[in-house]
Amino acid sequence: MKQKMEKYDFKALGQAIKEARNAKGMSRNQLADMMNIAPRYIASIENSGQHPSLQIFYELVTILDVSVDQFFFPDKEANKSSQRRQLESLLDEMDGKDLVIMTATAKGIKEAKSDERVEK
């Protein structure tokens, strides 16, 4: 006898895809053109939680650097969040001078947080 499985709700993943697409400054039309699919299909995934095919799912999460662990294994701490993967993707596009600025910025944030803890 086949065990009844609950259907996965893709709404949260669809929202993450939408946020990642927007973070990359990409329109639905641009993404759809890259993937050779209709923009309304992407809109349905993002807004209605439509279940994409496995191939479309794979393309979306790899193009947009979305980590799926947080959705499929919510009780486990993900190695890399979608936000971290998106930041790494942006860093990969930077040259040496840009990376020097980003490193200094990260160190400044770290020092500011450290100073806040000391003041408390």
Side-chain angles (χ1 to χ4, degrees):
M1 181 189 271
K2 187 175 179 183
Q3 196 175 19
K4 184 169 170 92
M5 295 286 291
E6 194 171 314
K7 208 172 184 186
Y8 181 77
D9 183 2
F10 270 83
K11 288 182 183 168
L13 182 62
Q15 189 61 42
I17 288 168
K18 184 177 190 175
E19 289 171 9
R21 178 181 55 75
N22 288 329
K24 286 191 174 264
M26 194 180 291
S27 71
R28 278 192 193 117
N29 288 341
Q30 290 170 320
L31 181 58
D33 286 346
M34 282 178 71
M35 298 177 63
N36 200 27
I37 59 175
R40 68 180 172 273
Y41 185 29
I42 293 173
S44 294
I45 293 167
E46 291 178 347
N47 299 326
S48 305
Q50 179 176 337
H51 293 206
S53 71
L54 184 57
Q55 182 63 38
I56 296 300
F57 172 79
Y58 173 77
E59 289 179 33
L60 285 169
V61 298
T62 53
I63 290 170
L64 299 173
D65 298 311
V66 174
S67 172
V68 296
D69 285 358
Q70 61 193 338
F71 302 103
F72 294 120
F73 307 106
D75 297 333
K76 293 183 179 179
E77 189 174 320
N79 288 338
K80 291 187 179 182
S81 68
S82 293
Q83 235 175 359
R84 182 172 295 275
R85 290 171 54 105
Q86 291 165 15
L87 178 59
E88 285 179 4
S89 177
L90 291 170
L91 291 171
D92 288 343
E93 297 172 13
M94 294 183 181
D95 63 17
K97 286 182 180 180
D98 296 336
L99 291 173
V100 168
I101 294 168
M102 293 304 296
T103 301
T105 302
K107 285 179 181 177
I109 292 169
K110 184 178 177 183
E111 288 174 15
K113 285 185 174 186
S114 178
D115 290 347
E116 286 176 6
R117 286 186 205 118
V118 170
E119 290 176 3
K120 288 182 179 180

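Just so it is clear, the structure is predicted and the values come from calculations on it, not from any experiment.
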To the nearest 0.5 Å, how far apart are [atom1] in [X] and [atom2] in [Y]?
X	Y	atom1	atom2	answer
Thr103	Asp98	OG1	CG	10.5 Å
Ser27	Asn22	OG	CG	9.5 Å
Met34	Asn29	CE	CG	13.5 Å
Ile17	Arg28	CD1	CZ	11.5 Å

Contact check, side chains of [X] and [Y], non-hydrogen atoms, under 4.5 Å:
X	Y	answer
Gln15	Glu19	yes
Met35	Leu60	yes
Tyr58	Pro52	no
Asn47	Lys18	yes
Gln50	Tyr41	yes
Ile37	Ile42	yes

Checklist entry - Out of curiosity, does Met94 fall in the hydrophobic cluster containing Val100 (side-chain heavy atoms, cut-off under 4.5 Å, transitive links)? => result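 No, because Val100 and Met94 fall into different hydrophobic clusters, even though each may have its own neighbours under 4.5 Å.
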Item to check | Linked, directly or transitively: Leu64 and Leu54 (ILVMFWY side chains, under 4.5 Å) | outcome: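 They do share one cluster, since a chain of ILVMFWY contacts under 4.5 Å joins Leu64 to Leu54.
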Checklist entry - Of Lys24, Glu59, Arg21, which meets side chain to side chain contact (heavy atoms under 4.5 Å, CB included) against Leu31? => result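 Testing Leu31 for a side chain to side chain contact (heavy atoms under 4.5 Å, CB included) against Lys24, Glu59, Arg21 leaves exactly one candidate, Arg21.
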Checklist entry - Counting heavy atoms not belonging to Asn36, are there more than 12 under 6.0 Å from its CG? => result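 At most 12 heavy atoms, drawn from other residues, nucleotides or ligands, come within 6.0 Å of this atom.
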Checklist entry - So, does Ser48 use its side chain to make a donor-acceptor pair with the main chain of Ile45 at under 3.5 Å? => result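 Checking the backbone N and O of Ile45 against the side chain of Ser48, no donor-acceptor pair under 3.5 Å is found.
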Checklist entry - Is the backbone of Arg40 close enough, under 3.5 Å, to the side chain of Ser44 for a donor and an acceptor to pair up by distance? => result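 Flag set: sc Ser44 to bb Arg40 pair under 3.5 Å.
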Checklist entry - Of the non-hydrogen atoms in Ala20 and Val66, which two are nearest, and what is the gap between them? => result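 Closest approach of Ala20 to Val66, heavy atoms only: CB-CG2, 3.6 Å.
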Checklist entry - Where does the angle between the aromatic ring planes of Phe57 and Phe10 fall among parallel (under 30°), tilted (30 to 60°) and perpendicular (over 60°)? => result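 Phe57 vs Phe10 ring planes: perpendicular.
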